[in-house]
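Data first, discussion second: the structure below is written as structure tokens.
Sequential numbering from 1 along the given sequence is applied to the chain's residues.
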Amino acid sequence: MGTEPPAAWLSPQTARALTSDRDASTPDEAAVIAAETTRIFAAGRWTGPIGCAATTAILVASTWGRLQATTLLVWGLVALATSAAMALAFLLPASTCRRSAEGIPRLSLYSHAAIGVVFGSFLWLNNATGDETVVWIVVAHLFAISAGVTTGLSGLNSLNLRVIVPLWGLASTALISRGHWVMGVGGLTFLLIAVADQHRTGSVWRELVLLRIRKSRTAEANAWRARHDELTGLLNRSGLQYMVASRSATTTTAMYIDLDHFKQVNDRFGHPTGDELLRQVANRLLDLLGASGSVARIGGDEFFVVLDIIADDAHVEALGQQVIAALEAPFTMSGAGDVWISASIGYTTLAGDEVDPSQIMVEADHALLQSKRNGRSQVTKFTADLEAKLAYRSGLESGLRKAMRSGGLSAAAQPIFDLHTGEVYCVELLARWRLDSGVDVPPADFVPLAEEVGLIDELTSFMLHEGGRLLVAWRSHEHLRRAKVSVNVSPVQVARGKLAAMVAEVVATYEIQPHQLMLELTESETLSDLAVTIELFEELRDLGVDLAVDDFGTGYSSLGHLLTLPVFAVKIDRSVLASLSTDPRHQATIKAVRDLAAALGQEVIVEGVETSHQIVALRDMGIHIAQGYGLCRPTVADELAENLDLAAFDHPSRQWPADQDPRLDSVAQLG
């Protein structure tokens, strides 16, 4: 006898013990069925004792005065004692109460059988069957008891049979012996049907228990998947946030770990190898940090650790270095041999017993980004200074997006001169951004930001359109009509595949000749994929656009690129010219680039000209195209034509005499 158990009736341990494909007769499953049978019965353990006690009281009250009082009271006390025994079976400690194979306390089995005997023997009291009223009252109660037994979720076969068999066996024989043949035979018929049904539905009950177990196991598996990463078994982002929110520690320290160059593993060996690597990384992190905190995988190659220990910065940084060292050791992949990776780490510490999971993840992530900017394989803490930098960057990002929409950007122009003729060979356009406060944001700040936040295409498109517009405006200008316009493009755009379409749009919109545009691409590690770079350069060259490699001579530059890339010009970085008089190697570098470019039919442009002596040296080396502050500082693009008219270009002779220093003063005044 019982009621529906609570929803959380299945323990995680029990659910995990049962698998859907396991044979129903295995000992493990039998044990699970027994455990759940006991659990269901125990959930309604008070229904039986309370129901029997209430039935006893009602039956005694309804038959009082019709039977001998002493006999009736003794019977009632026996019924109440038996009801108490039913309750006692689940109050006694498990160690002192023997259980059946189904896991039910034997005292409960005996007390249920006793209840059947007690109520079934009622009609034998003092010739109770001689009183028609008593007969009808008792039979009604017996059927009510039977209905309660057979419809309750505790309708376990062994308990049902222990109650119904003695109850109707005794009651029916009493009725028949006193001449109530119809009722007696009806009772025996009910008994036979009930027993047959119990045997028939035994397997149904068992399957019902199995169904409930499997359903709960599925629900538990879904709940586990909701908070865990299936690939590694670690917590996922949702599980991590729940765990952090549930903590009650005085401080919380968390590390954000990102694998460096993981994409290269996927690209080279395939995603199955990448997945295997992630599992091995998870195991190493668990081996190293499992005793110190909780490890989670919150993204492709991103891991997060919440430390359970209270540690100072020195300890956390030392632990972070141990993580980096552990992950830099080679990983042995099946079918791929040894694979090497590294890691960057950012960490933060928050005080208080209630920590916002989003805040701690954001702070650690920002510290991680700083580690990457510092050169990777670093451990960086989130500090107030870093927070200020991030706030500044966040403000810049918001302002840059607004400037893109509202036209807050502008272009400055710096002429590139022919040192022999003094004519403007090309005009380089430079992006400028002035805040509403009047403060100028350096391009070194907002151009990388545009690359990071995905605004570089919009910025480049703006500069290209400015170039097209200015070329149209300068068509009739004496000093600018033959000049090209050069625009810097980001190496990030090489792999994006949109640059050629953007240039074609500008050429068509302003009806300019493609060769009037020159695109300057800075050499960087982005150009390491030469196949993609060559494809882009050839596509642009086919459009008729001139291409230049900018900042040549810096860390990523290579003379070999001049042989492989279809470029029109190479711009030697200002750092090479700055040490021209003090470092003979720089003069040798310029000469080498000059000779190679001449052999390939390429122009050489030197940046950073500051003095007349540098121009003399460049002319002596056969370099005739240059730009720099010594020639002309950048000026507002729309004012360049007017400023050139006011400069020395109206001098009768444009030719700079070879035996004199170039006349720089009239040009430099533009700055």
Side-chain angles (χ1 to χ4, degrees), residues 396-397 399-414 416 426-434 440-473 484-527 529 532-551 556 565-569 571 605 607 634 636-638:
L396 282 187
E397 179 181 343
L400 183 59
R401 293 184 184 277
K402 180 181 178 181
M404 290 288 189
R405 294 191 302 267
S406 62
L409 297 177
S410 62
Q414 184 179 30
I416 300 172
C426 183
V427 177
E428 180 178 1
L429 296 186
L430 306 167
R432 294 292 184 261
W433 177 25
R434 175 168 291 182
D440 290 322
V441 182
D445 286 349
F446 72 82
V447 173
L449 177 61
E451 292 176 338
E452 289 183 25
V453 301
L455 294 175
I456 192 61
D457 284 339
E458 295 181 45
L459 178 59
T460 301
S461 178
F462 167 76
M463 295 301 294
L464 287 171
H465 279 273
E466 282 291 281
R469 181 182 66 82
L470 291 169
L471 283 170
V472 173
K484 302 175 184 291
V485 166
S486 70
V487 174
N488 291 281
V489 295
S490 167
V492 173
Q493 294 180 291
V494 172
R496 295 173 72 89
K498 299 180 180 179
L499 192 54
M502 293 167 59
V503 172
E505 178 191 355
V506 170
V507 169
T509 300
Y510 297 97
E511 298 181 350
I512 59 177
Q513 295 299 317
H515 68 82
Q516 292 179 278
L517 283 177
M518 184 166 71
L519 303 183
E520 299 184 19
L521 185 65
T522 303
E523 286 197 291
S524 73
E525 59 181 337
T526 309
L527 298 184
D529 192 342
V532 174
T533 306
I534 292 172
E535 182 180 355
L536 171 67
F537 273 42
E538 289 179 344
E539 186 177 4
L540 291 169
R541 185 188 61 182
D542 291 342
L543 288 174
V545 178
D546 288 339
L547 301 166
V549 174
D550 195 13
D551 296 339
Y556 294 106
L565 297 177
V567 299
F568 169 79
K571 296 185 71 174
I605 304 172
E607 300 178 293
V636 177
D638 287 327

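Here Glu607 pairs with Lys571 under the salt bridge (charged side-chain N to carboxylate O under 4.0 Å, His left out) rule; sequence neighbours left out. Looking at residues two or more places apart in sequence or on another chain, you find a side-chain contact (heavy atoms from CB on, under 4.5 Å) between Phe568 and Tyr425, Lys484, Met518, Asp546, Glu603. With sequence neighbours left out, Arg541 forms a salt bridge (charged side-chain N to carboxylate O under 4.0 Å, His left out) with no residue at all. Glu397 meets the side chain to side chain donor-acceptor pair (under 3.5 Å) test with Arg401; sequence neighbours excluded. Ala413 pairs by the side-chain contact (heavy atoms from CB on, under 4.5 Å) definition with Val427, Leu429, Ala637, Leu640, not counting sequence neighbours. Considering only residues two or more places apart in sequence or on other chains, Asp638 meets the salt bridge (charged side-chain N to carboxylate O under 4.0 Å, His left out) condition with Arg469. Take Ser461 and apply the side-chain contact (heavy atoms from CB on, under 4.5 Å) test, not counting sequence neighbours, and it matches His465, Met502. By the side-chain contact (heavy atoms from CB on, under 4.5 Å) test, Val636 is found to be paired with Glu639, residues two or more places apart in sequence or in another chain being considered. Under the rule for a salt bridge (charged side-chain N to carboxylate O under 4.0 Å, His left out), Glu458 has no partner lying at least two apart in sequence or in another chain.
Put simply, the side chain of Leu409 reaches to within 4.5 Å of the side chain of Met404, judged on heavy atoms. Annotation: side chain of Leu517 is in contact with side chain of Val503 (closest heavy-atom distance under 4.5 Å). In this structure, Leu547 and Leu521 have side chains that are not in contact, with every pair of non-hydrogen atoms separated by 4.5 Å or more. Inter-residue side-chain proximity for Phe537 and Val567 is flagged as met; some heavy-atom pair is nearer than 4.5 Å.
Applying the salt bridge (charged side-chain N to carboxylate O under 4.0 Å, His left out) test to residues at least two apart or on different chains, none of the pairs has a partner in residues 499-516.
Rounding to the nearest 0.5 Å places OG of Ser486 at 13.0 Å from CD of Gln516. In this structure, Leu400 CG and Leu449 CG are separated by 5.5 Å, a value rounded to the nearest 0.5 Å.
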